[in-house]
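These notes are about the structure you will find just below.
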Amino acid sequence: MSENNIEANEKKSLNFIEEIIEQDISNNKNSQRVHTRFPPEPNGYLHIGHAKSICLNFGLAKKYNGKCNLRFDDTNPVKEDVEYVDSIKEDIEWLGFKWDGEYYASDYFDQLYLWAVELVKKELAYVDDSSQEEISKNRGVPNKPGTESLYRNRSVEENLRLFKGMKNGDFPDGSRVLRAKIDMASPNMHMRDPILYRILHSNHHRTGNKWCIYPMYDYAHGQSDSIEGITHSVCTLEFEVHRPLYDWFCKTLEIHHPQQIEFARLNLSYTIMSKRKLLQLVQEKQVMGWDDPRMPTICGIRRRGYTPEAIRNFAETIGIAKRNNVIDLSLMEFCVREDLNKIANRTMAVLNPIKLIIDNYPENTQEELEAVNNPENELAGKRKIMFSKELWIERDDFMEIPSKNYFRLYPGGEVRLKYAYFVKCESIIKDNEGNIIEIHCTYDPETKSGSGVIQRKVKGTIHWISANHCRKAEIRLFDRLFNVTEPDEAEEGKTFLDNINKESLSVINGYIEPTLLDDSVLTKYQFERLGYFCIDKDSTAEKLVFNRTVTLKDSWNKIQK
RNA sequence: UGUCCGAUAGUGUAAUUGGCAACACGACUGUCUCUGGAUCAGUAAAGUCUAGGUUCGAGCCCUAGUCGGACAACCA
C-alpha cells in the first residue's frame with residue numbers, strides 16, 4: 001500500500017470531532033494543544049453511556065498527545081455524595097484510563113463568585129426576588145417572548161448588597177436568585193435571563209457549610225473548562241442549545257474560550273440508561289445494588305464478565321456522530337464474545353441435567369480424557385476430565401421426536417461426546433408421568449477423541465459431565481441488561497417498573513467440572529455452547545455462583561423451557 | 001405559527017471535502033469426522049428523505065418542503 005493510501009485510510013476513520021481538532025491544530029489554535037475533560041456529576045454510578053464519553057474524551061487526548069481531566073461537576077449538593085465520586089474514579093481506572101488532573105467544580109466556587117460580582121458591576125446580572133413560579137411563567141414559551149422581571153433594573157449597589165446577603169446566608173432557600181441580564185425575548189429559552197446562583201442551605205460533600213449559594217450548571221461549566229485550559233469541551237447533544245450561553249459567559253468575562261462540541265449520546269436497545277431510573281431501581285431494591293449484573297452500569301457490566309477491552313472496542317465500533325441512534329444490544333454482545341473467545345477458558349457444564357447411561361461401558365471404571373482449555377490459544381494448555389458409565393447431559397441436547405434440522409441426540413441417533421466417544425441412543429426410560437429420566441446408550445470404543453481417522457461421521461457433538469466426578473453448583477442466570485419493552489414510554493398510570501423484565505434472573509442447579517474450584521473469583525469461562533460465565537464475587541467453595549455474561553441469542557429461552 | 005440540530009443497505013458508521021457510495025454487525029448460502037448457536041469462505045441488500053437549481057460531474061453546494069430529535073428545572 002502506498003503512503004498516500006495509508007494517509008487516506010487514516011483520514012477515512014476520522015470522526016467529525018477529530019476533524020475539528022485536526023483543523024484547529026493546522027490553524028495553530030490553542031498553540032496546537034488538545035485538552036479534554038470528562039465531567040460527571042457525582043450523583044450516581046457510571047453506566048455504559050458514560051463509557052462512550054470516557055472513551056471519546058480520553059481517546060482524543062491520547063490520540064493527539066494531549067491531556068484529559070477528570071472534573072466532578074458538583075454544583076448541586078443535595079444530589080451528590082462521595083460514594084459516587086469514589087465509584088466513578090474506580091470505574092474509569094478499570095476501563096483503562098488515567099486522568100491528567102482531578103478537579104471539582106467546587107474548587108472554583110470562589111472564582112465563580114468573583115466573576116458573578118463582576119457581572120453585577122457590569123450591569124449584566126441582577127438579584128431577582130420573584131418566586132420560582134413567577135420566574136417560570138415570565139420566561140414565556142419558545143415562540144413568544146417572555147416578560148422582564150420587576151427586579152431587572154435594580155441598581156448595581158442594591159444588587160451587590162443583596163447578592164452578598166445571599167452569600168452570607170441572610171435569606172432562606174428559594175427566596176432570591178442571581179440572574180444574568182441577557183434577552184427575555186431570545187428564541188433560545190436558555191438566554192432569557194438564566195439563573196446563575198440559587199440559595200441552598202445544604203451541606204456540600206467537599207466544601208461543607210462554607211457556601212449556601214450554589215452556581216447552576218450553565219454558569220459553572222464553561223468557566224470551569226476555561227480555568228482548566230480545556231480546548232475542546234465535548235458533551236452530548238442536549239447541550240447544543242446551551243452553547244450560546246456557554247459562549248456568552250466566556251466572551252463577557254473575557255476568559256479563555258474552549259469550544260463546546262456536541263455528539264449523540266448512546267442509546268442501547270432494551271436498556272434503561274436514565275440515571276434517575278437506575279437510582280430508583282437501587283433505592284426500591286429491585287436490584288441487588290448498583291453493581292447488579294443486570295444493571296447497565298459499568299460496575300454491573302464488569303460483574304457480568306465484560307472486559308474493559310470489549311467495552312473500549314464497542315465504543316470504537318459504534319462511532320461518534322450527531323445523529324440520534326439506537327445501538328442494538330447484540331453489537332455489544334458481539335464485542336465481548338470477540339474478546340472473551342481469545343481469553344476465556346472453556347469448560348463443560350450442564351445446566352438442565354438429564355442422566356445418560358452407557359450400557360456397554362464397564363461398571364466401576366473411570367477414564368481420564370484430555371480437553372483443551374482454549375482452542376484459540378495453545379498457551380492456555382489442557383486439562384484432564386473424568387469419563388465414566390453415568391453422565392449428565394443437557395436436556396436440551398436430546399429430543400424424543402427430532403425435528404428436521406436437529407443434529408443432536410435422539411432415539412437411534414449417534415453423536416459425539418465432546419473429547420470422548422460416539423454414543424448411540426438405544427432406549428429411554430420414563431417415569432409415571434411420562435418424563436424422560438434416563439437415556440441409555442452404547443458407545444463405540446474405536447471412536448475415542450483424538451484417535452485418528454474414523455469411518456463414519458456424526459453430525460452433532462454434545463457436552464457432558466461425569467456423574468461421579470462433578471460438582472453441583474447453583475447457577476444464577478441473568479438475562480440481558482434490564483429489558484424494557486418501551487424504554488421511555490410508560491403508559492398512563494404505569495411507571496417504567498411495569499415494563500421491565502423482572503424474570504431476568506433465575507437460579508438453576510446444574511453440574512460443573514470440578515476443575516473450576518481451583519480458580520479464583522471473577523474468572524471468566526466459556527461453557528461449551530452455553531455462553532460465557534463469570535464466577536461471581538459472592539461465591540464460596542461450597543456455593544459457586546455464576547453470572548452469565550453473554551446470552552448467545554435465544555439459548556436463554558431454550559434453557560428456560 | 002419559535003430556535004437549534006439531524007436524515008446514506010435491516011442496524012450503526014464512512015465516503016480523500018464536488019470525482020467509481022464503502023466498512024462493521026445482522027440476514028442468507030456454503031465449508032468443517034470433536035458444538036450445526038462456533039470457525040472459515042462467499043452472496044444479497046441502499047443509489048443517499050422529497051422537489052427544484054448550480055456544475056462536465058452533487059450524498060456533499062444553493063432554494064423550498066417532508067420527517068425525526070433537542071430546548072420552556074432555583075437538575076446536570
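Quick note on labels: first sequence line is chain A, next is B, and so on, each numbered from 1. Worth knowing before you read on, the calculation uses all heavy atoms, side chains too, and leaves out hydrogens, waters and symmetry mates.
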Identify which nucleotide among [options] has an atom closest to any side-chain atom of [X], counting heavy atoms from C-beta outward.
{"X": "A:E238", "options": "B:rA70, B:rC74, B:rA14", "value": "B:rA70"}
{"X": "A:K79", "options": "B:rA70, B:rA14, B:rC75", "value": "B:rC75"}
{"X": "A:E19", "options": "B:rU13, B:rC74, B:rA15", "value": "B:rA15"}
{"X": "A:T461", "options": "B:rC74, B:rA76, B:rU35", "value": "B:rU35"}
{"X": "A:K418", "options": "B:rU35, B:rA72, B:rA76", "value": "B:rU35"}

Round to the nearest Å and state the distance from [X] atom [atom1] to [N] atom [atom2].
{"X": "A:L278", "N": "B:rC75", "atom1": "CG", "atom2": "P", "result": "21 Å"}
{"X": "A:E370", "N": "B:rC34", "atom1": "CD", "atom2": "C1'", "result": "14 Å"}
{"X": "A:W464", "N": "B:rU35", "atom1": "CH2", "atom2": "C1'", "result": "14 Å"}
{"X": "A:H463", "N": "B:rU35", "atom1": "NE2", "atom2": "C1'", "result": "9 Å"}
{"X": "A:N138", "N": "B:rA73", "atom1": "CG", "atom2": "P", "result": "13 Å"}
{"X": "A:D396", "N": "B:rU35", "atom1": "CG", "atom2": "C1'", "result": "12 Å"}
{"X": "A:I327", "N": "B:rG12", "atom1": "CD1", "atom2": "P", "result": "7 Å"}
{"X": "A:F334", "N": "B:rG12", "atom1": "CZ", "atom2": "P", "result": "18 Å"}

Ignoring hydrogens and geometry beyond distance, is a side-chain donor-acceptor pair present between [X] and [Y] at under 3.5 Å?
{"X": "A:E228", "Y": "A:Y108", "result": "yes"}
{"X": "A:E367", "Y": "A:Y361", "result": "yes"}
{"X": "A:Y151", "Y": "A:N159", "result": "no"}
{"X": "A:E238", "Y": "A:T236", "result": "yes"}

Residue whose closest nucleotide on RNA chain B lies nearer the 5' end, A:N325 versus A:F239: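 Result: A:N325.
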Subject >> Whichever of A:A321 and A:Y419 has its nearest RNA chain B nucleotide further upstream toward 5' >> reply: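 The residue closer to the strand's 5' end, by nearest nucleotide, is A:A321.
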* Asked: Taking the chi torsion of B:rU29, is it syn (within 90° of 0) or anti (everything else)?
  ->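 Anti conformation for B:rU29.
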Does B:rG10 sit syn or anti, given that only angles within 90° of 0 count as syn?
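Here B:rG10 takes the anti form, which means its glycosidic angle is more than 90° from 0.
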Full working for ring-ring contact (aromatic ring centres under 6.0 Å, His included) between A:F314 and A:F334: CA-CA 9 Å; A:F314 175 62; A:F334 173 84; over 10 Å; no
Do A:R176's NZ or CZ and the ring of A:F171 fall within the cation-pi criteria of under 6.0 Å and 45°?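 Positive - A:R176 is close enough to the ring of A:F171 and near enough to its axis.
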Touch check for A:E41, heavy atoms < 4.0 angstrom, all strands: base, sugar-phosphate only, or nothing?
->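 Counting heavy atoms under 4.0 Å across all strands, the contact made by A:E41 is with sugar-phosphate only.
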Verify the ring-centre separation between A:F249 and A:Y219: is it less than 6.0 angstrom?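 That pair passes the under 6.0 Å test.
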Item to complete: Pick the P atom in B:rU39 and in B:rG47, then give their distance to the nearest Å.
Response: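 It comes out at 31 Å once rounded to the nearest Å.
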| said: Please give the stem ranges for RNA chain B, sorted by first residue number, where a stem is three or more consecutive Watson-Crick or G-U pairs and both donor-acceptor distances are under 3.5 Å. | reply: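 Result, WC/G-U stems under 3.5 Å: B:2-7 with B:66-71, B:10-13 with B:22-25, B:27-30 with B:40-43, B:49-53 with B:61-65.
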ask   = For A:T75 and B:rA76, is the shortest distance between a side-chain N/O and OP1 or OP2 below 4.0 Å?
value =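 Result: yes.
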Is A:R198 close enough to B:rC75 that one of its side-chain N or O atoms is under 4.0 Å from OP1 or OP2 there?
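So the side-chain polar atoms of A:R198 do come within 4.0 Å of the phosphate oxygens OP1 or OP2 of B:rC75, strictly under.
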Which atom names give the shortest non-hydrogen contact between A:A380 and A:N345, and what distance separates them?
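Here A:A380 and A:N345 meet closest at CB-OD1, 3.7 Å.
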Among A:Y214, A:W115, A:Y126, A:F163, which residue meets the ring-ring contact (aromatic ring centres under 6.0 Å, His included) test with A:Y197?
->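 Considering A:Y214, A:W115, A:Y126, A:F163, a ring-ring contact (aromatic ring centres under 6.0 Å, His included) with A:Y197 is found only for A:F163.
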Run the side-chain donor-acceptor check on residues 140-147 of chain A: report pairs under 3.5 Å with partners two or more places apart or on a different chain.
residue : atom : partner : partner atom : Å
A:T147  : OG1  : A:N138  : OD1          : 3.2

key: Test log, rule ring-ring contact (aromatic ring centres under 6.0 Å, His included), inputs A:H242 and A:Y246   = CA-CA 6 Å; A:H242 295 244; A:Y246 184 107; over 10 Å; no
Under a 4.0 Å heavy-atom criterion, the protein footprint on nucleotides 2-9 of chain B, written with B, S and -, is BS-SSSB-
Donor/acceptor link under 3.5 angstrom from A:H242 side chain onto base of B:rA76: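 It does, because a donor-acceptor pair links the side chain of A:H242 to the base of B:rA76 below 3.5 Å.
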